[in-house]
K.L.:
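Just dropping this structure here.
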Amino acid sequence: MLVASPLLVAPPVWAATDPTSGGASVAPLAPGIPSPTASTGTPSAGAANASLLTTATGNGITLSAKVSSLLGHKLGVVGITNAASAGKAIALQRLDPQAGWVTVATGTVVTGGVFWILWRTNHAGPVTLRTVLEQAASTTQTGQASPTLQINIYRPAIATYYGKGFFGRKTACGMILKRATLGVASRSLKCGTPVQIYYGGRSIVVPVIDRGPYANHASWDLTEATAQALGITGTEVVGAMPL
C-alpha cells in the first residue's frame, strides 16, 4: 500500500518545479476519447513524477509541499519566514468554495523562522492551501498570509489491471484494445472521462475506455500499458481522481 511520507526536512531547498513537464504527444485513442496525459494539461505516453515539490514565495513567507497526497494521509508543509517570528503560531488553511479560508492544521515558527505543519488530509480533489502567520502566539489575530499552493488529494482505491487475453477485442467504449493502449475501466463513469491515477510517486491521466472491474473488490481496472507506466504489477491501492 502506498503511504504518503510527510515532508519534515528544514530548512528546505527552495526550487520551483513543474509537475506537468515532459512527455511525448500521443494521438486520440478513439472518436470521443481524449489522449492520455502525464498530468493535467500535458499530453504524454508516460507517467509524470508526482513526488515533486511545489513552492510559493511572497509576503515574507516561503512554503513548500509535495504536489500530491492520498486522502487520510499526512501532508507535510514546510516553510520559512522572518527569523523574528520565532515562537509565533502559524496556521495552514484550505480554501473552501462556500466557507472561504478554513484552518486545517497549525504549527509554531522555530529558531531561524523555520516552520513545518502536518495536515491529515480530509478533503479530496484539487485543493488550494496557504499559511497565515499570527501576530503573536497568545492571540488568534492573524498577520500576513503566504501565497497559495495547489495540491492534488486523491481518494485511495483498489485497482487491478488487464491485457493478455483481451488484446484485439473491442472495449465497451468501442475501441480496439492494444498492448500500448492507455486507459481505465470504470463501472459508472461515461466513456472518455479523464481520470488521474496516482501510485508510487507517479501520476497519469487516462480516459475511461471500458466497463469494469468485476473482481477483487476493485474500483478501477487499468490497461496493461497504464499499469506499466505507473510500475503496477498486481492488485494495488492507488489514488484516483476523475477530472
Side-chain angles (χ1 to χ4, degrees), residues 1-5 19-20 23 26 29-30 32-52 54 65-75 94 119-129 149-163 166 171-173 175 177 181-243:
M1 180 179 294
L2 178 66
V3 178
S5 300
T20 63
V26 293
L29 299 174
I33 298 181
S35 303
T37 65
S39 187
T40 50
T42 304
S44 174
N49 187 346
S51 293
L52 297 174
T54 179
K66 288 185 178 180
V67 298
S68 303
S69 184
L70 287 178
L71 182 66
H73 287 234
K74 292 180 179 178
L75 174 71
R94 176 181 65 83
W119 173 39
R120 187 175 292 277
T121 56
N122 58 3
H123 181 86
V127 299
T128 301
L129 300 176
L149 297 178
Q150 305 300 316
I151 307 292
N152 289 327
I153 308 297
Y154 299 88
R155 291 187 181 277
I158 297 175
T160 52
Y161 78 92
Y162 70 110
F166 293 90
T171 71
C173 294
M175 62 177 297
L177 184 68
T181 300
L182 291 166
V184 63
S186 167
R187 290 189 291 270
S188 58
L189 295 176
K190 71 176 185 178
C191 295
T193 301
V195 179
Q196 190 160 12
I197 308 294
Y198 169 67
Y199 176 81
R202 299 183 68 78
S203 69
I204 191 169
V205 179
V206 295
V208 172
I209 64 166
D210 210 347
R211 289 287 167 251
Y214 302 105
N216 300 318
H217 305 288
S219 299
W220 307 96
D221 205 7
L222 313 178
T223 65
E224 184 175 290
T226 302
Q228 289 176 345
L230 293 170
I232 293 175
T233 59
T235 300
E236 300 285 355
V237 173
V238 303
M241 183 169 58
L243 303 178

K.L.:
Atom OG1 in Thr233, atom OH in Tyr161: separation rounded to 0.5 Å?
P.N.:
6.5 Å

K.L.:
Given side chains that start at C-beta, do those of Leu177 and Ile209 come closer than 4.5 Å, heavy atoms only?
P.N.:
yes

K.L.:
Quick one: pull up CG in Leu243 and CG in Leu189 and give me the separation to the nearest 0.5 Å.
P.N.:
10.5 Å

K.L.:
Roughly how far, to the nearest 0.5 Å, is CD of Glu236 from CD1 of Ile158?
P.N.:
10.5 Å

K.L.:
Find out whether Ile151 and Leu75 are in side-chain contact, i.e. whether some heavy atom of one side chain is under 4.5 Å from a heavy atom of the other.
P.N.:
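The answer is yes; the side chains approach within 4.5 Å.
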
K.L.:
To the nearest 0.5 Å, how far apart are CG in Asp221 and CG in Asp210?
P.N.:
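Output value for this atom pair is 8.0 Å.
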
K.L.:
If you look at every heavy atom in Arg155 and Ala124, which pair is closest and at what distance?
P.N.:
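Scanning both residues completely, I find the closest heavy atoms to be CG-CB, 3.6 Å.
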
K.L.:
What are the two closest heavy atoms between Thr54 and Leu149, and how far apart are they?
P.N.:
O-CD2, 3.6 Å

K.L.:
For Tyr199 versus Leu230, what's the shortest heavy-atom pair and its separation?
P.N.:
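Taking every non-hydrogen atom into account, CD2-O, 3.3 Å.
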
K.L.:
Are Tyr154 and Ser203 side-chain neighbours, meaning at least one heavy-atom pair lies under 4.5 Å?
P.N.:
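Contact flag for Tyr154/Ser203 side chains = yes.
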
K.L.:
So which heavy atom on Gly201 is nearest to which on Asn49, and how close?
P.N.:
O-OD1, 3.3 Å

K.L.:
What's the separation between atom CG in Leu71 and atom CG in Asn122, rounded to the nearest 0.5 Å?
P.N.:
7.5 Å

K.L.:
Taking the side chain as every heavy atom from C-beta outward, state whether Phe166 and Thr223 have any atom pair closer than 4.5 Å.
P.N.:
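A side-chain contact is absent here, since even the closest heavy-atom pair is not under 4.5 Å.
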
K.L.:
With a cut-off of 6.0 Å (strictly less than), are more than 12 heavy atoms of other residues, nucleotides or ligands near CZ of Arg211?
P.N.:
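Yes, because the 6.0 Å sphere around CZ of Arg211 holds more than 12 heavy atoms from other groups.
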
K.L.:
State, yes or no, whether a side-chain contact exists between Val184 and Thr226 at a heavy-atom distance under 4.5 Å.
P.N.:
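The answer is no; the side chains never approach within 4.5 Å.
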
K.L.:
When rounded to the nearest 0.5 angstrom, what is the spacing between OG1 in Thr160 and CG in Asn216?
P.N.:
6.0 Å

K.L.:
Show the nearest heavy-atom pair for residues Pro156 and Val237, with the distance to one decimal.
P.N.:
CB-CG1, 4.0 Å

K.L.:
So Met241 and Val195, do their side chains get closer than 4.5 Å, heavy atoms only?
P.N.:
no

K.L.:
Step by step, work out the side chain to side chain contact (heavy atoms under 4.5 Å, CB included) result for Thr128 and Gln150.
P.N.:
CA-CA 5 Å; Thr128 301; Gln150 305 300 316; 2.9 Å; yes

K.L.:
Can you confirm whether Pro213 sits close enough to Arg187 that some side-chain heavy atom of one is under 4.5 Å from a side-chain heavy atom of the other?
P.N.:
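Yes. Closest side-chain heavy atoms under 4.5 Å.
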
K.L.:
Give a yes or no answer on whether the side chain of Arg120 reaches the backbone of His73 with a donor-acceptor pair at less than 3.5 Å.
P.N.:
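Between the backbone of His73 and the side chain of Arg120 there is no qualifying donor-acceptor contact (under 3.5 Å).
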
K.L.:
To check you understand the geometry: which heavy-atom pair defines the closest contact between Ala225 and Thr181, and what is its length?
P.N.:
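Looks like CB-O, 3.3 Å.
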
